[in-house]
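Input: a single structure, listed below in structure tokens.
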Amino acid sequence: MSQFRHVVSALFRRPIKRSRPALRLAAEGLEPKILLSTYDVGPGQPYATIGAVPWAGLGAGDTVAIHWQS
């Protein structure tokens with residue numbers, strides 16, 4: 001009986017291997033990665049005027065930050 005108890009206790013102490021992280025990594029590799037852009041407009045910024053922003057090239061989630069000038 002002590003051997004049985006030893007085997008059972010060893011089984012319950014053994015760490016459980018989970019397969020979810022491997023599946024998760026495989027699924028994440030299939031998702032499209034989209035890089036969002038921020039267009040800074042104003043004095044001293046990469047775009048001096050609102051008209052300089054490439055509006056036709058903006059995608060979903062892109063940001064146009066218009067900085068206030070004094």
Evaluate whether atom CG of Leu36 has more than 12 neighbouring non-hydrogen atoms of other residues, nucleotides or ligands under 6.0 angstrom away.
yes

Please report the shortest heavy-atom distance between Ala65 and Thr38, naming the atom on each side.
CB-CG2, 4.5 Å

Gap between atom CD1 of Ile66 and atom OG1 of Thr49 - 0.5 Å precision
10.5 Å

Using every non-hydrogen atom in the two residues, find where Val53 and Val64 come nearest and quote the distance to one decimal.
CG1-CG2, 4.2 Å

Please check if Tyr47 and Trp55 belong to a single hydrophobic cluster, counting links between Ile, Leu, Val, Met, Phe, Trp and Tyr side chain heavy atoms closer than 4.5 Å.
yes

Under 3.5 Å: donor-acceptor pair, side chain of Asp40, backbone of Pro46:
no

